[in-house]
Amino acid sequence: MAEAAPLYDTYSRAPLRFERGEGVWLITESGERYLDFGAGVAVTSVGHGNPHVVAALKEQADKVWHLSNIYEIPGQERLAKRLTDATFADKVFFTNSGAEALECAIKTARRYQFSKGHPERFHIVTFEGAFHGRTLATIAAGGQEKYLEGFGPKTPGFDQVPFGDIEAVRAAITDATAAILIEPVQGEGGVRPATTEFMKALRQICDDKGLLLILDEVQTGVGRTGKLFAHEWSGITPDIMAVAKGIGGGFPLGACLATAEAASGMKAGTHGSTYGGNPLAMAVGGAVLDVILADGFLQHVRDVALVFRQGLASLKDRYPDVIEDIRGEGLLLGVKAAVTSAELLQAIRAAHLLGVPAGDNVIRLLPPLVVTAEEAREGLARLERAAESIRAAKIKKTA
């Protein structure tokens, strides 16, 4: 009898063991090379082993790793200033993860309404198909039963409406509503972008009703869609925004960004984090921004995304029995399978290409943002081999 694994049984892991990474490649213990178009679920934004980021981490590691927020941390001030200079925000709170950034965003919105004399305003309108994290509050915000089941009563204060239905949003707003929370592109929910018209309408509703607009840009931010943040495509700005994943390039780092007005209720003692904003994370985050904000980098993302999108459209046309639809923005792309997504995922792994499953029978393709056009074409060639293998298996089965 095999010895029981010492880990929680909460993951259904692929039988792959990677030893090291180089740019857009991952190498197994046995030396097999895989093209990583999952990027740790949109995390390794500047590639594996990025020399600039590695150097920043090593330099800081020789100085001090942890201080706690009992003391001033100059790296926090520097990174926060860069983020506020580049965005709508005036204030930043650093966290270790996307879920923590969302928790901070939710607390910031509720605390704002409380500080303005409206303690009854704590409800937040959210959207069906959303994913905001795994804490008790964020699974309630997402509202998906598969994540809520078995964890007791759902945390109150979240009102789900259909994604993209502006009339449903209006109908859900009551005197108890504090904010609206949305992902500009639903990642886990199947790579479903919100339209520009919908985003603008949400901004207008918040302005008219005295509500705060919270954006979850954990997956869509830090260059993933070809802009620094995805909401820039729609020409609106939020009041509060949660960021993580790509901002740390693989190091645990998140941030909650807000306007000075939205953050006005967050006084000393109202929120905190032992590890959030530690010197190691700040050094890495700064190095990642060096890469992302360099001249021409976001244009590079847009250029490669165009090559990728055109190639995917061609594959969809040639393999309609395997690929039903192509979705997404920039290098946040979704392939909706005409077979089961599990079958497609297995086939692309067999072609030594890595992707990430999502809802609505979709496989996400999320390469590091440093991916070249040549590497994108290599990924397309491997996806074609996967589609061809699925088609061949179907023909063999019916023969």
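Between atom CG of residue N50 and atom CG of residue L57 there is a gap of 11.5 Å, rounded to the nearest 0.5 Å. We find the CG-CG distance between L365 and L332 to be 10.0 Å, quoted to the nearest 0.5 Å. Here the straight-line distance linking atom CZ of R327 with atom CD of Q186 works out to 10.0 Å at 0.5 Å rounding. Here CG of L67 is found 11.5 Å from CE of M282. Values are rounded to the nearest 0.5 Å. Distance check, rounded to the nearest 0.5 Å: OG1 of T108 to CD1 of I214 gives 8.0 Å. Interatomic distance, CD of Q113 versus NE2 of H123, reported as 12.5 Å (0.5 Å rounding).
Salt bridge annotation for R377-E374: absent, with no cationic side-chain nitrogen under 4.0 angstrom from a carboxylate oxygen. Ionic pairing of D290 and R82 is present here: one or more N-O contacts between side-chain nitrogen and carboxylate oxygen are shorter than 4.0 angstrom. Taking 4.0 Å as the cut-off between side-chain N and carboxylate O, E103 and K107 do not count as a salt-bridged pair. Of the charged side-chain nitrogens involved, at least one lies within less than 4.0 Å of a carboxylate oxygen, so that R364 and E188 count as a salt-bridged pair.
For the residue pair R121 and A178, the shortest heavy atom distance occurs at O-CB, 3.4 Å. In this structure, L312 and L383 approach most closely via the heavy-atom pair CD2-CD2, 3.4 Å. When all heavy atoms of L366 and V356 are compared, the pair lying nearest together is CD1-CG2, 4.2 Å. The two residues K200 and S234 have their closest heavy-atom pair at CE-O, 3.1 Å. G187 and A358 make their closest contact through O-CB, 3.5 Å (heavy atoms, listed as atom of the first residue, atom of the second, distance). In terms of heavy-atom proximity, H52 sits nearest to A287 at CD2-O, 3.4 Å.
Under a 3.5 Å cut-off, the side chain of T177 and the backbone N or O of A179 do not form any donor-acceptor pair. No donor-acceptor pair closer than 3.5 Å links the side chain of S341 to the backbone N or O of A337. Using a distance-only test at 3.5 Å, with no hydrogens or angles considered, no donor-acceptor pair links the side chain of D360 to the main chain of V362. A side-chain donor-acceptor contact under 3.5 Å links E232 to the backbone of F229. E217 places a side-chain N or O within donor-acceptor distance of the main-chain N or O of A230, the cut-off being under 3.5 Å. Judged by distance alone, the side chain of E183 and the main-chain N or O of A194 form no donor-acceptor pair under 3.5 Å. Checking side-chain atoms of T398 against main-chain N and O of K394 turns up a donor-acceptor pair under 3.5 Å. Of the possible polar contacts, none joining the K336 side chain to the V191 backbone as a donor-acceptor pair under 3.5 Å is found. T44 places no side-chain N or O within 3.5 Å of a backbone atom of G47 that could act as its donor or acceptor partner. Remark: side-chain polar atoms of R309 are paired, donor with acceptor, to backbone N or O of G328 under 3.5 angstrom.
In the hydrophobic clustering (ILVMFWY side chains linked at under 4.5 Å, chained through shared members), V307 stands by itself. Grouping Ile, Leu, Val, Met, Phe, Trp and Tyr residues whose side-chain heavy atoms lie under 4.5 Å apart, directly or via other members, places L136 in a hydrophobic cluster with F131, I139, Y147, L148, F151.
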- Task: Before giving the answer on side-chain contact (heavy atoms from CB on, under 4.5 Å), spell out for V92 and C256 the whole-Å C-alpha distance, their side-chain angles and the decisive distance to 0.1 Å.
- Result: CA-CA 6 Å; V92 180; C256 180; over 6 Å; no
- Should S273 and T95 be marked as a side-chain contact (heavy atoms from CB on, under 4.5 Å) after you check the CA-CA gap, both sets of side-chain angles, and the distance that decides it? CA-CA 7 Å; S273 171; T95 69; 5.7 Å; no
- salt bridge (Lys or Arg N to Asp or Glu O under 4.0 Å) evaluation trace for R33 with E22: CA-CA 10 Å; R33 294 172 65 86; E22 301 167 356; 3.3 Å; yes
- S97 and E100: side chain to side chain donor-acceptor pair (under 3.5 Å), yes or no, with the steps? CA-CA 5 Å; S97 67; E100 290 173 78; 3.0 Å; yes
- Message: Evaluate I180 against I124 for side-chain contact (heavy atoms from CB on, under 4.5 Å), listing each step before the verdict.
- Response: CA-CA 5 Å; I180 297 171; I124 296 175; 5.9 Å; no
- Task: Quick one: do R382 and E378 satisfy salt bridge (Lys or Arg N to Asp or Glu O under 4.0 Å)? Show the steps, please.
- Result: CA-CA 6 Å; R382 292 178 185 223; E378 177 62 27; 2.8 Å; yes
- Could you go through the side-chain contact (heavy atoms from CB on, under 4.5 Å) check for N96 and L253 one step at a time? CA-CA 4 Å; N96 310 285; L253 172 59; over 6 Å; no
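Between H66 and Y275, the ring center distance clears the sub-6.0 Å criterion. Two rings, from F198 and F127, have their centers less than 6.0 Å apart.
Grouping the Ile, Leu, Val, Met, Phe, Trp and Tyr side chains by contacts below 4.5 angstrom, directly or via other members, places L211 with L215. A chain of hydrophobic side-chain contacts below 4.5 Å, direct or via other Ile, Leu, Val, Met, Phe, Trp or Tyr residues, connects I240 to I106. Both V288 and L331 belong to a common hydrophobic cluster when Ile, Leu, Val, Met, Phe, Trp and Tyr are linked at side-chain heavy-atom distances under 4.5 angstrom. Cluster membership for F163 and M199, using ILVMFWY side-chain heavy atoms within less than 4.5 angstrom, is shared. When the side chains of ILVMFWY residues are joined at heavy-atom separations under 4.5 Å, either directly or via intervening members, L369 and I247 end up in a single hydrophobic cluster.
Between F18 and W25 there is no side-chain heavy-atom pair separated by less than 4.5 Å. Contact check for E261 versus K116: side-chain heavy atoms found under the 4.5 Å cut-off. Considering only heavy atoms from C-beta on, K245 stays 4.5 Å or farther from S45 through its side chain. By the 4.5 Å heavy-atom criterion applied to side chains, F37 and L354 are not counted as neighbours. Here the side chains of F93 and L257 are not in contact, with every heavy-atom distance at 4.5 Å or above. At a threshold of 4.5 Å between non-hydrogen side-chain atoms, the residues Y319 and I390 do not count as touching.
With 3.5 Å as the limit, one finds no donor-acceptor pair spanning the side chains of W233 and T196. A donor-acceptor contact closer than 3.5 angstrom is absent between the side chains of R134 and T138. No hydrogens or angles considered: a donor-acceptor pair under 3.5 Å links the side chains of Q76 and N69. Residues R302 and Q299 bring a donor and an acceptor atom of their side chains to less than 3.5 Å of each other.
More than 12 heavy-atom neighbours from other residues, nucleotides or ligands sit within 6.0 angstrom of CG on D85. For K81, the NZ atom counts as loosely surrounded, since its 6.0 Å shell holds 12 or fewer non-hydrogen atoms of other residues, nucleotides or ligands. For D208, the CG atom sits in a packed shell: over 12 heavy atoms of surrounding residues, nucleotides or ligands are nearer than 6.0 Å.
With F88 as the aromatic partner, R203 does not meet the cation-pi criteria of under 6.0 angstrom to the ring centre and within 45 degrees of the ring axis.
Ring geometry for F297 against H300 counts as tilted: the plane angle lies between 30° and 60°, on a 0 to 90° scale. Taking the six-membered ring where tryptophan is involved, the planes of H352 and Y34 are essentially parallel, since the angle between them stays under 30° and well short of 60°.
For R78, there are no salt bridge (Lys or Arg N to Asp or Glu O under 4.0 Å) partners, not counting sequence neighbours.
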